[in-house]
Structure formats: C-alpha cells, structure tokens
Amino acid sequence: MRIKMTSIYVDDPHQAHLFYTNVLGFLEVMYVPEEDLAIVASAEDPDGTALLLEPKDTPFARAYQKELYDLGMPSIVLSVDDITFESKRLKGLGVTFSVNPSPQDFGIQAIFDDTCGNFIALVELKA
C-alpha cells in the first residue's frame with residue numbers, strides 16, 4: 001500500500017499553484033483553474049505522492065488551516081538533501097522563514113510560510 005495523493009488546504013489554489021511550481025519547483029500534474037483544481041508533485045519524484053492544493057471552501061477547512069497556522073504548526077513536511085542550500089535558495093526567492101534551519105533529534109528542520117495560509121517544514125534527515 002502506498003500514498004498516491006494527499007492534500008493541503010490553501011487560501012487560493014491559483015496562487016498556491018504558482019508558489020509550489022515556480023518557487024518550490026514542483027511539477028504540475030493537473031491544473032484546471034476554472035475548477036480550482038491544482039495537483040503538483042515533486043520534481044525529484046514525479047511518480048511519487050501527488051499534492052492536491054485544495055481550496056479551503058468549508059468552515060471546517062478554514063478553521064483547521066487557521067488553527068494550524070496560528071499555532072505555527074507545519075501543514076506538511078518536505079525533505080531535502082541539503083537544507084542549508086535549499087533554505088538559502090528559497091530565501092533568495094523571497095520565501096519567509098519563521099524558523100531558520102536548526103538541529104533536531106532527527107536531523108535539521110526549518111519552517112517557512114507558503115504564502116497560501118500554511119507553514120511548511122523543510123527537513124534534512126540524519127543519514
């Protein structure tokens with residue numbers, strides 16, 4: 001059994017699509033703007049788990065996303081091989097980090113704002 005797709009609530013699927021493809025470098029799997037449908041995948045693993053950028057169009061979705069954001073909790077975790085390189089690259093593209101790369105028991109973690117209502121954890125795992 002494998003996870004084929006998961007989702008993240010976003011303020012605006014169109015803006016999220018731009019951020020996840022143009023800034024994070026994800027690949028477009030499916031994009032139907034008139035339906036608020038945007039699905040992306042990692043360029044490093046295009047056949048891996050896809051990410052549905054889901055509109056927060058229900059009271060539950062709005063409350064859930066807001067609560068996570070207000071607590072500063074990441075909505076998803078992205079793994080990288082070199083967090084120092086990646087965090088510098090993202091900062092150069094204007095990405096705002098709420099937590100700079102810092103050691104954790106599992107490796108190194110940083111947290112950034114995806115501009116779409118979410119904090120995203122960026123991790124470099126110990127070998």
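Bear in mind the structure is a predicted one, so any value in this text is a computation, not a measurement. Heads up: numbering here begins at 1 and tracks the sequence.
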Colleague: Looking at Pro13 and Pro55, what are the two nearest heavy atoms and their distance?
Modeller: CG-CB, 3.8 Å
Colleague: Could you report the tightest heavy-atom contact between Ala41 and Pro46, atom names first, then the distance?
Modeller: CB-O, 3.9 Å
Colleague: Are any non-hydrogen side-chain atoms of Glu28 and Tyr20 less than 4.5 angstrom apart?
Modeller: no
Colleague: At what distance, to the nearest 0.5 angstrom, does NZ of Lys88 lie from CG of Asp82?
Modeller: 9.0 Å
Colleague: Measure the shortest side-chain to side-chain distance between Asp11 and Gln65 over non-hydrogen atoms and say whether it is less than 4.5 angstrom.
Modeller: yes
Colleague: Would one find more than 12 heavy atoms of other residues, nucleotides or ligands at under 6.0 Å from atom CD of Gln104?
Modeller: yes
Colleague: According to a 4.5 Å side-chain heavy-atom criterion applied to Ile, Leu, Val, Met, Phe, Trp and Tyr, with indirect links allowed, do Met73 and Phe106 form part of one hydrophobic cluster?
Modeller: no
Colleague: Begin from the C-alpha positions of Ile108 and Val123 and carry the test side chain to side chain contact (heavy atoms under 4.5 Å, CB included) through to its verdict.
Modeller: CA-CA 6 Å; Ile108 305 169; Val123 300; over 6 Å; no
Colleague: List the steps and the verdict of side chain to side chain contact (heavy atoms under 4.5 Å, CB included) for Ile76 and Asn118.
Modeller: CA-CA 9 Å; Ile76 59 173; Asn118 301 288; over 6 Å; no
Colleague: Should Gln109 and Val99 count as side-chain neighbours, where that means a heavy-atom distance under 4.5 Å?
Modeller: no
Colleague: So how far is it from Phe97 CZ to Ile111 CD1, rounded to the nearest 0.5 Å?
Modeller: 10.0 Å
Colleague: Would you say the side-chain atoms of Lys91 and Asn100 include a donor-acceptor pair closer than 3.5 Å?
Modeller: yes
Colleague: With side chain to side chain contact (heavy atoms under 4.5 Å, CB included) as the criterion, how do Asp113 and Tyr69 come out once you've worked through the C-alpha distance, each side chain's angles and the decisive distance to 0.1 Å?
Modeller: CA-CA 9 Å; Asp113 189 317; Tyr69 193 86; 2.4 Å; yes
Colleague: How about Ile3: does its CD1 atom have over 12 heavy atoms from other parts shown lying under 6.0 Å from it?
Modeller: no
Colleague: Which heavy-atom pair separates Phe26 from Ser42 by the least distance, and what is that distance?
Modeller: CD2-N, 4.0 Å
Colleague: Report the distance from atom OG of Ser102 to atom CD1 of Ile83, rounding to the nearest 0.5 Å.
Modeller: 8.0 Å
Colleague: Calculate, to the nearest 0.5 Å, the distance between atoms CG and OH belonging to Leu53 and Tyr9 respectively.
Modeller: 13.0 Å
Colleague: Taking side chain as C-beta onward, heavy atoms only, is Phe19 less than 4.5 Å from Val95?
Modeller: yes
Colleague: I want to check something: taking the side chain as every heavy atom from C-beta on, are Gln15 and Thr115 in contact at a cut-off of under 4.5 Å?
Modeller: yes
Colleague: If every non-hydrogen atom of Ser7 is compared with every non-hydrogen atom of Glu54, which pair is closest and at what distance?
Modeller: OG-OE1, 3.0 Å
Colleague: Could you state whether Ile8 and Tyr31 fall into the same hydrophobic cluster, counting links through intermediate Ile, Leu, Val, Met, Phe, Trp or Tyr residues with side-chain heavy atoms under 4.5 angstrom apart?
Modeller: no
Colleague: Mind checking whether Leu27 and Val29 sit in one hydrophobic cluster, side chains of I, L, V, M, F, W, Y counted as touching below 4.5 Å?
Modeller: no
Colleague: Would you say the side chains of His17 and Asn22 form a donor-acceptor pair under 3.5 Å?
Modeller: no
Colleague: Which heavy-atom pair separates Asp36 from His14 by the least distance, and what is that distance?
Modeller: OD1-NE2, 3.0 Å
Colleague: Rounded to the nearest 0.5 Å, what's the gap from NZ on Lys4 to OG1 on Thr49? Could you check?
Modeller: 7.5 Å
Colleague: Report the C-alpha distance between Leu122 and Leu90 in whole Å, list the side-chain angles of each, state the deciding distance to 0.1 Å, and finish with yes or no for side chain to side chain contact (heavy atoms under 4.5 Å, CB included).
Modeller: CA-CA 11 Å; Leu122 191 65; Leu90 292 173; 4.2 Å; yes
Colleague: Find the distance between CD (Glu124) and CG (Asp81) and round it off to the nearest 0.5 Å.
Modeller: 7.5 Å
Colleague: Answer yes if Leu52 and Met30 sit in the same cluster of Ile, Leu, Val, Met, Phe, Trp and Tyr residues linked by side chain heavy atoms under 4.5 Å apart, and no otherwise.
Modeller: yes
Colleague: When you group the ILVMFWY residues by side-chain heavy-atom contacts below 4.5 Å and let the links chain together, are Phe85 and Leu93 in the same group?
Modeller: no
Colleague: Which heavy atom of Pro101 sits nearest a heavy atom of Ser87, and at what distance?
Modeller: CG-OG, 3.5 Å
Colleague: Answer yes or no: is there a side-chain heavy-atom contact under 4.5 Å between Val23 and Phe112?
Modeller: no
Colleague: Any side-chain heavy atom of Leu24 sitting closer than 4.5 Å to one from Val40?
Modeller: no
